[in-house]
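Computed from a prediction, not measured in an experiment: that's the story for all the values here. Numbering starts at 1 and runs along the sequence shown.
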Amino acid sequence: MILDKKFENLFLNVCNRAALSSHYLVGKNDKIAADKAAVDSMRSELNKIDMKGKIVIGEGELDEAPMLYIGEKVGTNKGPLLDIAVDPLEGTNFAAQNLPGALSVICVAQKSNLLNAPETYMNKISVNCTEPNVVDLDYSLKKNIYNLAEYKNKKPENLTACILDRPRHLETINELKKLKVNLRLITDGDISGALLVTNEKYGVDIFLGIGGGPEGVLAASALDAFDCNFQGRFLFNTEKDKNRAKKMGIKDLNKKYSINEIVSGDSIFCATGVTSGDLVSGIEIENDDFISETLITHKSTNMKKIIKTRQKI
Ligand code: VTB
């Protein structure tokens, strides 16, 4: 089963509108308001689409998020059964402080084809190489770097690794330095970070480290369309996290997920720039129009491109 091509434009529009709504709050130092604007817009646009949609990754559970909560039904209730993952404003700090890299992100697949990731951390790795046994979450960092260097016919000192700049990564960062790997430290936004391996022009050979689990699922769906590899393993720090994961049907809490255990079958992914960043430019307003840039992928049609649109506000 594949997702009808018409959904490309429909979800592109959902993402564009969410990004526009957040745009008005860029630089206002209020990340909650900027997020809420994107959430409200995304929800009302999703509800116009003919589908039986279900949010599988959203703003949290019903008790913590009144809108786009996990399990919420969206759409007109006519049409295909779809699972939807959303991150209406990825990089709320970026938007609040008018820094590069804020995005509105959505991904859709047929029912049961997206991993229902709990809101917890995930250890992730992505590379532009689908050959098995080159890079693996279970290998040591040194082995991954040496294998990747050999695969790419480069020296470790000519590789670049992207990782969130966090104290929890200090050991990894120090080891990368020892291996002479170049670093691309990001302050936030690891969906974008993971996608920097998709094209040589971004100059990133490997993305790794611990970030949000939901963000991992969203990144995996685009990486799948780009024929890149991704692996993830959830990290559960508290008993509450562990119980919640069990309730969500996760039996093996230590499981390493391969990309096709995270996203299977067909999927459409859209990421629209709120502020300009590595992947796409941010929203621009010109008179009564808004201009947006969206990275869109559709696995079955082999679509992976950046679409610039100009629409009436
Ligand atoms: C992660 C990352 C996101 O926030 O969730 C991060 O996946 C939060 O990490 O892309 P910390 O708890 O270490 O701050 C983002 O960077 C932005 O939402």
Inset, instruction - Indicate yes or no: does Asp83 engage Lys52 in a salt bridge with an N to O separation below 4.0 Å. - result: no
Inset, instruction - Decide, yes or no, whether a salt bridge links Lys31 with Asp35 under the criterion of side-chain N to carboxylate O below 4.0 Å. - result: no
Legend entry - Test item: side-chain donor near acceptor, Ser292 and Asn16, under 3.5 Å: yes
Inset, instruction - For Leu179 and Tyr146, work out which heavy atoms get closest and say how close. - result: CD2-CE1, 3.8 Å
Inset, instruction - Answer yes or no: does atom CG of Asn29 have more than 12 heavy-atom neighbours from other residues, nucleotides or ligands under 6.0 Å? - result: yes
Legend entry - Closest approach of Ala220 to Ile259 (non-hydrogen atoms, all atoms of both residues): O-CD1, 3.5 Å
Legend entry - Basic-acidic side-chain contact under 4.0 Å: Glu175, Lys178: no
Legend entry - Nearest atoms (heavy-atom pairs only) where Ser126 meets Val197: O-CG1, 3.6 Å
Inset, instruction - For the pair Gln97 (side chain) and Phe94 (backbone), establish whether a donor and an acceptor sit closer than 3.5 Å, ignoring hydrogens and angles. - result: no
Legend entry - Salt-bridge contact Glu215-Lys124 (side-chain N to carboxylate O under 4.0 Å): no
Inset, instruction - Evaluate the criterion side-chain contact (heavy atoms from CB on, under 4.5 Å) for residue pair Ile186 and Cys162; output intermediate values, then yes/no. - result: CA-CA 7 Å; Ile186 52 174; Cys162 177; 3.9 Å; yes
Inset, instruction - May I ask you to say whether Asp289 pairs ionically with Arg310, meaning some side-chain N is under 4.0 Å from a carboxylate O? - result: yes
Inset, instruction - Answer yes if Tyr69 and Val86 sit in the same cluster of Ile, Leu, Val, Met, Phe, Trp and Tyr residues linked by side chain heavy atoms under 4.5 Å apart, and no otherwise. - result: no
Inset, instruction - Just jot down the side chain to side chain donor-acceptor pair (under 3.5 Å) partners of Lys255, sequence neighbours excluded, or say none. - result: Glu261
Legend entry - Arg168 charged N/C atom sitting above Tyr121 aromatic ring, 6.0 Å / 45°: yes
Legend entry - Close side-chain approach of Thr301 and Ile2, heavy atoms under 4.5 Å: no
Legend entry - Ser300 side chain to His298 side chain, donor-acceptor N/O pair below 3.5 angstrom: yes
Inset, instruction - Mark yes or no for whether Thr275, through its side chain, and Gly282, through its backbone, hold a donor-acceptor pair below 3.5 Å. - result: no
Inset, instruction - Check Thr297 against Ala222 and note the closest heavy-atom contact, atom names and distance. - result: OG1-CA, 3.9 Å
Inset, instruction - Examine Leu20 and Ile106 and state if one hydrophobic cluster contains both, with Ile, Leu, Val, Met, Phe, Trp and Tyr joined whenever side-chain heavy atoms are less than 4.5 Å apart. - result: no
Inset, instruction - Might you confirm whether atom NZ of Lys111 has over 12 heavy atoms from other residues, nucleotides or ligands at distances under 6.0 Å? - result: no
Legend entry - Val74-Leu3 co-clustered via ILVMFWY side chain contacts under 4.5 Å: yes
Legend entry - Path from Val134 to Leu208 over hydrophobic side-chain contacts below 4.5 Å: yes
Legend entry - Gap separating the NE2 atom of His23 from the CD1 atom of Ile313, nearest 0.5 angstrom: 7.5 Å
Legend entry - Short side-chain donor-acceptor distance under 3.5 Å, Asn302 and Lys304: yes
Legend entry - Steps toward side-chain contact (heavy atoms from CB on, under 4.5 Å) verdict (Leu148, Asp205): CA-CA 8 Å; Leu148 187 64; Asp205 301 280; 4.1 Å; yes
Legend entry - Heavy-atom side-chain proximity of Glu286 to Ile291 below 4.5 angstrom: yes
Legend entry - Asp30 side chain near Ile32 side chain, heavy-atom distance below 4.5 Å: yes
Inset, instruction - Taking the side chain as every heavy atom from C-beta outward, state whether Pro118 and Ile250 have any atom pair closer than 4.5 Å. - result: yes
Legend entry - Closest non-hydrogen atom pair, Ala19 against Thr272: CB-CG2, 3.6 Å
Legend entry - Non-neighbouring partners of Asn47 that pass side chain to side chain donor-acceptor pair (under 3.5 Å), sequence neighbours left out: none
Inset, instruction - Indicate yes or no: at least one non-hydrogen side-chain atom of Ser104 is less than 4.5 angstrom from one of Cys15. - result: yes
Inset, instruction - Group every Ile, Leu, Val, Met, Phe, Trp and Tyr by side-chain heavy-atom contacts under 4.5 Å, then state whether Ile57 and Ile191 land in the same group. - result: yes
Legend entry - Thr120 side chain vs Asp241 backbone, donor-acceptor pair below 3.5 Å: no
Legend entry - Worked verdict on Asp227 versus Thr130 for side-chain hydrogen bond (donor to acceptor under 3.5 Å, both in side chains): CA-CA 7 Å; Asp227 265 332; Thr130 48; 5.7 Å; no
Inset, instruction - Mind checking the CG-CG spacing from Leu295 to Leu195? Nearest 0.5 Å is all I need. - result: 6.5 Å
Legend entry - Any donor-acceptor pair under 3.5 Å from Asn116 side chain to Val56 backbone: no
Legend entry - Close side-chain approach of Arg184 to Leu196, heavy-atom, < 4.5 Å: yes
Inset, instruction - Tell me, with the steps shown, if Val274 and Leu89 meet side-chain contact (heavy atoms from CB on, under 4.5 Å). - result: CA-CA 8 Å; Val274 177; Leu89 183 58; 3.9 Å; yes
Legend entry - Spacing of Asn93 atom CG and Asp188 atom CG [to the nearest 0.5 Å]: 5.0 Å
Inset, instruction - Say whether, by atom type as modelled, one donor and one acceptor occur between the side chain of Asn174 and the main chain of Lys177 under 3.5 angstrom. - result: no
Inset, instruction - Would you check if Glu157 and Asn182 make a side-chain contact, meaning some heavy-atom pair closer than 4.5 Å? - result: no
Inset, instruction - For the pair Tyr202 and Thr160, evaluate side-chain contact (heavy atoms from CB on, under 4.5 Å) and give the outcome as yes or no after the intermediate values. - result: CA-CA 10 Å; Tyr202 303 124; Thr160 300; over 6 Å; no
Legend entry - Donor-acceptor contact present, side-chain Gln231 to main-chain Leu137, <3.5 Å: yes
Inset, instruction - Give a yes or no on whether the backbone of Ser264 and the side-chain of Asn113 come within a donor-acceptor separation of less than 3.5 Å. - result: yes
Inset, instruction - Mind checking the CD1-CG spacing from Ile125 to Asp136? Nearest 0.5 Å is all I need. - result: 7.5 Å
Legend entry - Donor-acceptor under 3.5 Å (Ser281 side chain, Ser276 main chain): no
Inset, instruction - For the pair Tyr257 and Phe234, evaluate ring pair (Phe, Tyr, Trp, His ring centres under 6.0 Å) and give the outcome as yes or no after the intermediate values. - result: CA-CA 9 Å; Tyr257 289 88; Phe234 294 117; 5.5 Å; yes
Legend entry - Atom pair CG (Leu279) and CG (Asn199), whose distance is rounded to the nearest 0.5 Å: 10.0 Å
Legend entry - Partner residues of Glu119 under the side chain to side chain donor-acceptor pair (under 3.5 Å) criterion, sequence neighbours left out: none
Legend entry - From Leu223 atom CG to Asn229 atom CG, the distance as rounded to the nearest 0.5 Å: 8.5 Å
Legend entry - pair Arg166-Ile210: side-chain heavy atoms closer than 4.5 Å: no
Legend entry - Expected output: side-chain Arg17 to main-chain Glu45 donor-acceptor under 3.5 Å: no
Inset, instruction - Please indicate whether Lys28 has more than 12 foreign heavy atoms, meaning atoms of other residues, nucleotides or ligands, lying under 6.0 Å from its NZ. - result: no
Legend entry - Side-chain (Ser221) to main-chain (Leu218) donor-acceptor, under 3.5 angstrom: yes
Inset, instruction - Specify the closest pair of heavy atoms between Ser22 and Ala38, including all atoms of both residues, with the distance to one decimal. - result: OG-CB, 3.3 Å
Inset, instruction - Validate the cation-pi geometry between Lys143 and Tyr139: distance from NZ or CZ to the six-membered ring centre under 6.0 Å, angle to the ring axis within 45°. - result: yes
